[in-house]
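Just passing along the structure, written as structure tokens.
Throughout, protein chains are lettered first and strands after them, A, B, ... in sequence-line order, and every chain is numbered starting at 1. What you see is a predicted model; the values in this text were computed from it and never measured.
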Amino acid sequence: MGVLRRTHNCNELNETALGQEVTLMGWVLRRRDHGGVIFIDLRDRWGITQVVFNPEVNPDVHTKAHQLRSEWVLAIKGKVEKRPGEMENPKLKTGTIEILVDELRILNTSETPPFPIDEECDVSDSLRLQYRYLDLRRPEVANNLVMRHQALQAVRSYLNASQFLEIETPMLTRSTPEGARDYLVPSRVNAGKFYALPQSPQLFKQILMMSGMDRYYQIVKCFRDEDLRADRQPEFTQIDMELSFMGEDDIIHLVEGMISALFKETIDLTLSAPFARMTYDEAMRRFGTDRPDTRFGLELIDLSDVLKGCGFKVFNTVLESGGVVKAINAKGCAGFSRKDLDDLTEYAGRFGARGMAWIKIKEEEWQSPITKFFSEQEIAAMQQALDAQPGDLILFGADKSSTVHQVLAELRLELARRLNLIEEGTYDFLWITDFPMFEYDEDAKRYTAVHHPFTAPYEDQLDLLETAPEQVKSRAYDLVLNGNEIGGGSIRIHNPEVQEKVFKALGIDQEEAEEKFGFLLQALKFGAPPHGGIAFGVDRLIMILTGSSSIRDVIAFPKTQKATCPLTEAPASVARKQLTELHLRPDWKEK
RNA sequence: GGGGUCGUAGUUCAGUUUGGUUAGAACGCCGGCCUGUCACGCCGGAGGUCGCGAGUUCGAGUCUCGUCGGCCCCGCCA
């Protein structure tokens, strides 16, 4: 008995190897013990091979095989045999052959797993994450990690071929204002001072451009201490890139090549570039959102002009106070029941709607509690604007425009789901451009950056920075895929005066700018090249690519919704001494 | 910070609406039989703090309150 060396994985043997002596290693997926002959499905990362223990071939090995159980780790040596006629298993890639074992090594035993490895079973997330190593043995999850690897390799090889340098940036950096809540790390060496984990390498990549690196990328973890969602967790991965001497069109073109390579290498899909583009204003007007899912219609129709001065008080009040009335024509949905409409109204309420007016277009009449308030001209004008035909259902939103947009955008998605309008397996890319630079924060009573404070405004609008900042458009661009924002970037400011103007518009005075971003302002003064970049959310992208319903299915060790890790039980308490060393004096009671 | 939903055997669930004898099923697990299975089959068996804590009640898996945890959503996420 010498050392056994693996000769093949569990997914590669077929009839071309008949008669060969091979050694396989892997886990017991299933055993079928007939008392006489014993079958074991041996599993590894690549697949499954059936191995056979026959008492007539080797009685000792056969006896030993009786004790095998789920998830034991084996090395087996034997001969590749063609399966007897009618015994082939078309579900396995190796289904035409089996290994007749004449040597068995038990490399390790296993406790009975807490959940089945061999079938797709709806185990709770906390149990899956507690035993993540077992969960990852299941092919559905494992294959997601394989595709993630392939996607990142495609990106690396594309960017490497395009003269990019992969450069690392610090994880321990400084907290900056604006943006999400930071994860803070106390400094032991500097009492009372804190590092922050990066929300993105934004400033470092810009400084790399000022360093003449010209083209940078990094596949990098970013951290934002905000609440979780199915497509969001506090620690996530970005494909981060930045380029010098390039405008929007150059960057967009290059990125389309990168995304195309990614889709080709992962799901072997050839995308048609260039992707469609739409301005922010058009997206908001037609879809109510800056990340429209353009795989289906149901666009928003503005009825504000048509209904100005109408007899329906709710609409009229909204219009007189500067709000809007918009509607969706749900084609062919006039048959919706009272309950359907109640459900939709309740759904709309989650996004701030105070109600939802509707009209069922019937052959003989417009059936609705509100039809009576409209004049014949108003009805005719609505009919034309909405292209309303008998059998249609009109759903209204009336409020300030931001509320109407959010409500109708969500309603539109919900309708598409209910009506099954979304064709699976389609990938609809869309660039959104010309974002506003700023939006007004009602709580803080000041403007905040829509993208970030380093995004360049259009040069011909520089004057507006001081007079009408809400009108300034930025040179930012987002890439939207099937209604998900998968990437966003911009051309950056490379002129210190412009940067100072933008800070000023954001209410960041010179002193604060100097303190928080002095290093950037300084660097801008030493020959900063024009530059711009973009970052992609890897987790979301792979989620779409694999058809996963949660980001957790494409991350090896994800967090729960409460931002914990059931495997390691992070976050955890630390010794009082560690805190003292960090100059922290917490006032909470120790348990 | 708020809303919703779920928590019963190792796992997935039924039972909760209408409180009432010993809390069931499937898979898994353990033992026995079985030489061509591939979700092998057949026979037998073990396995439960009904998340936790209070309360109502003669009596709580079931009702009430609180609490913990999983998931989904709103806010938040430049």
Discussion item. Using the C1' atom as the point on both nucleotides, what is the distance between A54(B) and G10(B), in whole Å?
Written reply: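 Pairwise C1' distance, G10(B) against A54(B), rounds to 30 Å.
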
Worksheet item: Less than 4.5 Å apart, any side-chain heavy atom of Thr455(A) and any of Val450(A)?
Response: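 They are not in side-chain contact.
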
Item to complete: Mind calculating the distance between CG (Leu100(A)) and P (U37(B)) to the nearest angstrom?
Response: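 Distance, rounded to whole Å: 16 Å.
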
Discussion item. Please confirm whether the shortest side-chain N or O distance from Arg350(A) to OP1 or OP2 of C72(B) is below 4.0 Å.
Written reply: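 Negative; the distance criterion is not met.
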
Discussion item. Considering every strand and a 4.0 Å limit on heavy-atom distances, what is the contact class for Arg552(A): base, sugar-phosphate, or nothing?
Written reply: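 It contacts sugar-phosphate atoms only.
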
Worksheet item: Expressed as a whole number of Å, how far does the P atom of C42(B) sit from that of G36(B)?
Response: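 So the two P atoms sit 15 Å from each other.
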
Worksheet item: Base, sugar-phosphate, or nothing for Pro177(A), non-hydrogen atoms under 4.0 angstrom?
Response: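 Nothing, no nucleic acid heavy atom in range.
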
Fill in: Centroid-centroid distance, His66(A) to Phe53(A), less than 6.0 Å
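Ring centroids of His66(A) and Phe53(A) are no less than 6.0 Å from each other.
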
Worksheet entry | Pairwise P distance, G55(B) and G3(B) [rounded to whole Å] |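 26 Å, rounded to whole Å.
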
Worksheet entry | Which nucleotide in U35(B), C76(B), G70(B) has an atom nearest any side-chain atom of Glu56(A) |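 Selected nucleotide (nearest to the side chain): U35(B).
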
Worksheet entry | Integer-rounded Å distance: C77(B) P and His452(A) NE2 |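 Between P of C77(B) and NE2 of His452(A): 16 Å.
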
Item to complete: Please indicate yes or no: is the ring centre of His34(A) less than 5.5 Å from the centre of the six-membered base ring of C40(B), with the two planes inclined by under 30 degrees?
Response: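 Yes, His34(A) stacks on the base of C40(B), since the ring centres sit under 5.5 Å apart and the planes are within 30°.
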
Discussion item. Within the 4.0 Å heavy-atom criterion, would you say Leu127(A) contacts the bases, only the backbone, or no part of the nucleic acid?
Written reply: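 Here Leu127(A) touches the backbone only, sparing every base.
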
Discussion item. Going by purine N1 to pyrimidine N3 plus the second Watson-Crick contact, or the G-U wobble pair, all under 3.5 Å, which nucleotide sits opposite G75(B)?
Written reply: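 Checking every strand shown, G75(B) finds no partner, since no pair has both distances under 3.5 Å.
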
Worksheet item: For Asp122(A) and C6(B), what is the distance between atoms CG and P respectively, to the nearest whole Å?
Response: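 To the nearest whole Å, that distance equals 15 Å.
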
Worksheet item: Base, sugar-phosphate alone, or nothing: which one does Thr455(A) contact when heavy atoms must sit under 4.0 Å apart?
Response: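 No contact at all - Thr455(A) keeps every heavy atom at 4.0 Å or more from the nucleic acid.
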
Practice prompt. From the options U37(B), C30(B), C77(B), select the nucleotide whose nearest atom is closest to the side chain of Met87(A).
Written response: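 Of all the options, the side chain of Met87(A) is nearest to U37(B).
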
Practice prompt. Can you spot which of Arg30(A), Arg138(A), Arg43(A), Arg137(A) makes a side chain to side chain donor-acceptor pair (under 3.5 Å) with Asp118(A)?
Written response: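 Exactly one candidate clears the test, Arg30(A).
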
Item to complete: Grab the CD-C1' distance between Gln130(A) and G70(B) for me, whole Å please.
Response: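 Going from CD in Gln130(A) over to C1' in G70(B) covers 12 Å.
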
Worksheet item: Under 4.0 Å between a side-chain N or O of Lys562(A) and OP1 or OP2 of C68(B)?
Response: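 No, Lys562(A) has no side-chain N/O under 4.0 Å of OP1/OP2 on C68(B).
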
Worksheet entry | Aromatic ring pairing His452(A)/Phe454(A), orientation class (parallel under 30°, perpendicular over 60°, tilted between) |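 Geometry flag for Phe454(A) against His452(A): tilted rings.
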
Worksheet item: With a 4.0 Å cut-off on heavy atoms, is Thr94(A) in touch with a base, just the backbone sugar-phosphate, or nothing at all?
Response: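 The residue Thr94(A) makes no contact with any strand.
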
Worksheet item: From C77(B), U35(B), G70(B), pick the nucleotide closest to the side chain of Asn54(A)?
Response: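 Closest nucleotide among those given: U35(B).
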
Item to complete: Give a yes/no answer on whether the side chain of Arg229(A) brings an N or O atom under 4.0 Å of OP1 or OP2 in C74(B).
Response: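 Affirmative; the distance criterion is met.
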
Item to complete: For Glu86(A), answer base if it contacts any base atom (sugar-phosphate contacts may also be present), sugar-phosphate if it contacts only those atoms, and nothing otherwise; contact means non-hydrogen atoms under 4.0 Å.
Response: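 Here Glu86(A) touches no strand at all.
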
Worksheet item: Using the P atom in both, what is the distance from U12(B) to G7(B), to the nearest Å?
Response: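 The same atom, P, in both gives a distance of 11 Å.
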
Worksheet entry | Length of the CD-P vector between Glu71(A) and C29(B), whole Å |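 To the nearest whole Å, that distance equals 11 Å.
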
Discussion item. Testing His531(A), Glu242(A), Gln206(A) one by one against Arg492(A) for a side chain to side chain donor-acceptor pair (under 3.5 Å), which residue passes?
Written reply: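 So the option named by the test is Glu242(A).
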
Worksheet item: From C38(B), G75(B), C71(B), pick the nucleotide closest to the side chain of Asp227(A)?
Response: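 Nearest to the side-chain atoms of Asp227(A), counting from C-beta on, is G75(B).
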
Worksheet item: Does Arg83(A) or Arg69(A) map to a spot on RNA chain B nearer the 5' end, using the closest nucleotide for each?
Response: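 Checking each residue's closest nucleotide, the 5'-ward one belongs to Arg69(A).
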
Item to complete: For U17(B) versus C30(B), give the span between their P atoms, rounded off to a whole number of Å.
Response: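 Those two atoms are separated by 38 Å.
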
Discussion item. Assess, by modelled atom type and distance only, whether the side chains of Asp434(A) and Tyr458(A) contain a donor and an acceptor separated by less than 3.5 Å.
Written reply: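 Note: Asp434(A) and Tyr458(A) side chains meet the donor-acceptor criterion.
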
Fill in: Side chain of Ala180(A) - closest among C72(B), U11(B), C77(B)
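Side chain of Ala180(A) sits closest to C77(B).
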
Worksheet item: Are Ser175(A) and Asp182(A) close enough, and set up right, to give a side-chain hydrogen bond (donor to acceptor under 3.5 Å, both in side chains), and what steps lead you there?
Response: CA-CA 7 Å; Ser175(A) 180; Asp182(A) 283 319; 2.5 Å; yes

Practice prompt. Could you check which nucleotide pairs with U56(B) in any of the strands shown, counting Watson-Crick or G-U wobble with both distances under 3.5 Å?
Written response: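 Across any shown strand, U56(B) pairs with none.
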
Discussion item. Measuring from the side chain of Gln406(A) (C-beta onward, heavy atoms only), which nucleotide among U35(B), G75(B), U11(B) has the closest atom?
Written reply: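 Closest nucleotide among those given: G75(B).
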
Worksheet entry | Spacing of Leu197(A) atom CG relative to C77(B) atom C1', expressed in whole Å |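 Rounded to whole Å, this separation is 16 Å.
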
Worksheet item: Is Phe39(A) stacked on the base of U37(B), meaning ring centres closer than 5.5 Å and planes within 30 degrees of each other?
Response: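 A stacking contact exists, since Phe39(A) sits close and nearly parallel to the base ring of U37(B).
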
Practice prompt. For Pro453(A), report the nucleic acid contact type (base, sugar-phosphate, nothing); a contact means any heavy atom under 4.0 Å.
Written response: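 Result for Pro453(A) = base.
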
Item to complete: Could you tell me whether the phosphate oxygens of C40(B), OP1 or OP2, come under 4.0 Å of any side-chain nitrogen or oxygen in Arg30(A)?
Response: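 Yes, Arg30(A) has a side-chain N/O under 4.0 Å of OP1/OP2 on C40(B).
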
Discussion item. Using heavy-atom distances to pick each residue's nearest nucleotide on RNA chain B, tell me which of His66(A) and Asp41(A) is more 5'.
Written reply: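 The residue closer to the strand's 5' end, by nearest nucleotide, is His66(A).
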
Item to complete: Using the C1' atom on both, measure A60(B) against G53(B) and round to a whole Å.
Response: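 Their C1' atoms lie roughly 14 Å apart.
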
Practice prompt. For Pro84(A), answer base if it contacts any base atom (sugar-phosphate contacts may also be present), sugar-phosphate if it contacts only those atoms, and nothing otherwise; contact means non-hydrogen atoms under 4.0 Å.
Written response: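 Base: the residue Pro84(A), judged by heavy atoms under 4.0 Å, touches a nucleobase.
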
Worksheet item: Taking any strand in view, what nucleotide pairs with G7(B) in a Watson-Crick or G-U wobble way, both distances under 3.5 Å?
Response: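 Paired with C68(B).
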
Item to complete: Can you figure out which of G75(B), C72(B), U11(B) approaches the side chain of Arg232(A) most closely?
Response: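 When the side chain of Arg232(A) is considered, G75(B) is the closest of G75(B), C72(B), U11(B).
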
Discussion item. Could you tell me how far U22(B) sits from C65(B) if I compare only their P atoms? Round to whole Å.
Written reply: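 Looking at atom P only, C65(B) and U22(B) are 29 Å apart.
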
Discussion item. For the residue pair Thr433(A) / Glu248(A), report whether a side-chain donor-acceptor contact shorter than 3.5 Å exists.
Written reply: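 No pair is found: no donor N or O on one side chain lies under 3.5 Å from an acceptor on the other.
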
Worksheet entry | Asp118(A) CG to U11(B) C1', straight-line distance once rounded to whole Å |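 One finds 11 Å between C1' of U11(B) and CG of Asp118(A), rounded.
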
Discussion item. Below the 4.0 Å mark, does C6(B) have OP1 or OP2 next to a side-chain nitrogen or oxygen of Gln561(A)?
Written reply: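 Result: no.
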
Worksheet item: Which part of the nucleic acid, if any, lies within reach of Asp33(A) when heavy atoms closer than 4.0 Å are counted: base, sugar-phosphate only, or nothing?
Response: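 Counting heavy atoms under 4.0 Å across all strands, the contact made by Asp33(A) includes a base.
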
Discussion item. When the C1' atoms of G2(B) and A39(B) are compared, how many Å lie between them, rounded to an integer?
Written reply: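 Between the two C1' atoms, the distance is 45 Å.
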
Worksheet item: Between C40(B) and Arg32(A), is there an OP1 or OP2 to side-chain N/O distance shorter than 4.0 Å?
Response: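 The answer is yes; a side-chain N or O of Arg32(A) sits under 4.0 Å from OP1 or OP2.
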
Discussion item. Would you say that Trp46(A) contacts Lys93(A) through its side chain, given a criterion of any heavy-atom pair below 4.5 Å between the two side chains?
Written reply: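 They are not in side-chain contact.
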
Worksheet item: Taking OP1 and OP2 of A39(B), is either one under 4.0 Å from a side-chain nitrogen or oxygen of Arg31(A)?
Response: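 Looking at the OP1 and OP2 atoms of A39(B), neither is under 4.0 Å from any side-chain N or O of Arg31(A).
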
Worksheet entry | Greater than 12 external heavy atoms within 6.0 Å of Gln67(A)'s CD |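 More than 12 within 6.0 Å, yes.
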
Discussion item. Using OP1 and OP2 only, check whether a side-chain N or O of Thr112(A) sits under 4.0 Å from G28(B).
Written reply: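 For Thr112(A), the contact criterion (side-chain N or O under 4.0 Å from OP1 or OP2 of G28(B)) is not met.
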
Worksheet item: For Leu29(A) and U37(B), what is the distance between atoms CG and C1' respectively, to the nearest whole Å?
Response: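 Taking CG of Leu29(A) and C1' of U37(B), I get 14 Å after rounding.
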
